[in-house]
S.K.: 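What follows is a single structure, and I will ask about it in a moment.
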Protein chains: 2
Amino acid sequence: MSNASVFAALGDATRLKLVSRLQSGRHLSIAQLTRGLELTRQGVSKHLHVLEQAGLVSSKRVGRETRFRLRPDRIVRARDYLTRAAAQWDEAVERLKAAVEG
Amino acid sequence: MSNASVFAALGDATRLKLVSRLQSGRHLSIAQLTRGLELTRQGVSKHLHVLEQAGLVSSKRVGRETRFRLRPDRIVRARDYLTRAAAQWDEAVERLKAAVEG
DNA sequence: ACATCATGCAACCCTTTGGTTGCATGATTG
DNA sequence: CAATCATGCAACCAAAGGGTTGCATGATGT
């Protein structure tokens, strides 16, 4: 829920790949998402639940499979946090420069 | 250096606070950064080295203290990654909508 | 010189994490 | 109904993470 947990969820190469795969906008099953990732289905499943816990994806049971889709609102939230962080740093540095010259 | 490692570095509440504290643009010592964070100086030191390893901050020895400052280029890089991720998802969803209607 | 301050390094500890295997269960297909 | 497919759950394991304490060292202040 916090910004830190969202960044933590993105801080793993496998999970970044999963997010990347879900950028297609489609609902993908665990088996589909496992394809091409050199680890077990259960490993992928665990990663997906981490992403879901952080609010980055949502899941829906469809027949015998569980489909995951991206929920980009949290991604946008994290992006805005970084945008503000960089902007505040810029402003602070400008103020410091001015103070040194003055 | 990878995006994943930058996100991982940001994925901890203490380290986010350190980044926030460094948004002032100033060079701060470990002792200064420890103030107000309820944990040991060595704990803070470890976190700072994680941030430095990820390229988010840089350090410089000044007399008997080690000063850290923000290096926002990596932050901007991470922000751009998230911006592109959200944009690609948007486009893909639009294409899917069009395909369903067609 | 001496006391103090800021730090680094190493050892240690407990918890979390990333990964696996084995088995049970509910849906699908033939 | 039988076989198979997709998944969940639990146990387990090694490695990494976050934290501490103790000690050594180099810089500062008196």
S.K.: Which atoms form the tightest heavy-atom contact between A:S2 and A:S5, and what is the distance?
M.R.: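 So the two residues come closest at O-OG, 2.9 Å.
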S.K.: Which pair of non-hydrogen atoms, one from B:A9 and one from B:L56, has the smallest distance, and what is that distance?
M.R.: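 Looks like CB-CD1, 3.9 Å.
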S.K.: Mind checking what makes side-chain contact (heavy atoms from CB on, under 4.5 Å) contact with B:H27, not counting sequence neighbours?
M.R.: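 Applying side-chain contact (heavy atoms from CB on, under 4.5 Å) to B:H27 gives B:K60, B:R67, B:R69.
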S.K.: Which parts of residues 12-19 of chain B get close to DNA chain D, meaning a heavy atom less than 4.0 angstrom away?
M.R.: B:D12, B:R15
S.K.: Using the C1' atoms of five pairs at each end, what's the angle between the two axes of the helix from C:dA1-D:dT30 to C:dG30-D:dC1, to 10 degrees?
M.R.: 30°
S.K.: Apply the test side-chain contact (heavy atoms from CB on, under 4.5 Å) to residues A:R79 and B:Y81: give CA-CA distance (whole Å), side-chain angles for both, the deciding distance (0.1 Å), then the verdict.
M.R.: CA-CA 9 Å; A:R79 181 202 59 180; B:Y81 175 88; over 6 Å; no
S.K.: On a heavy-atom basis, which atom in B:W89 and which in A:L22 lie closest, and how many Å separate them?
M.R.: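 The answer is CD1-O, 3.9 Å.
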S.K.: For A:Q23 and B:A85, which heavy atoms make the closest approach, and how far apart are they?
M.R.: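 That would be NE2-CB, 3.3 Å.
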S.K.: Anything under 30° is parallel, anything over 60° is perpendicular, the rest tilted; go ahead and classify A:F7 against B:F7.
M.R.: parallel
S.K.: Would you tabulate the nitrogen or oxygen pairs shorter than 3.5 Å linking the protein to nucleotides 27-30 of chain D?
M.R.:
from: D:dT28; atom 1: O4'; to: B:R64; atom 2: NH1; distance (Å): 3.1

S.K.: What's the shortest heavy-atom distance between B:A92 and A:S24, and which atoms?
M.R.: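 Looking at all heavy atoms of both residues, the closest pair is CB-O, 3.0 Å.
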S.K.: Hey, are the side chains of A:V57 and A:R71 touching, using non-hydrogen atoms and a 4.5 Å cut-off?
M.R.: no
S.K.: To the nearest 0.5 Å, what is the distance between CZ on A:R74 and CG on B:L82?
M.R.: 14.0 Å
S.K.: If I take atom NE2 from residue B:H47 and atom CG from residue B:L39, how far apart are they, to the nearest 0.5 angstrom?
M.R.: 6.0 Å
S.K.: Report the C-alpha distance between A:R84 and A:D80 in whole Å, list the side-chain angles of each, state the deciding distance to 0.1 Å, and finish with yes or no for side-chain contact (heavy atoms from CB on, under 4.5 Å).
M.R.: CA-CA 6 Å; A:R84 282 198 305 276; A:D80 290 347; 4.1 Å; yes
S.K.: Taking 5' to 3' order, which nucleotide of DNA chain C is first and which is last to have an atom within less than 4.0 Å of a heavy atom in chain A?
M.R.: C:dG18 to C:dT28
S.K.: Say you draw a straight line from CZ of A:R21 to CZ of A:R26; how long is it, rounded to the nearest 0.5 Å?
M.R.: 10.0 Å
S.K.: Treat each ILVMFWY residue as a node, draw an edge where side-chain heavy atoms are under 4.5 Å apart, and state whether A:V50 and A:L70 are in one component.
M.R.: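 The answer is no; the residues belong to distinct hydrophobic clusters.
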S.K.: Do any of residues 22-50 of chain B sit with a heavy atom less than 4.0 Å from DNA chain C, and if so which?
M.R.: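 Heavy-atom cutoff 4.0 Å gives B:S29, B:I30, B:A31, B:R41, B:Q42, B:S45.
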S.K.: On a heavy-atom basis, which atom in B:V76 and which in A:A86 lie closest, and how many Å separate them?
M.R.: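 In terms of heavy atoms, the two residues are closest at CG2-CB, 4.0 Å.
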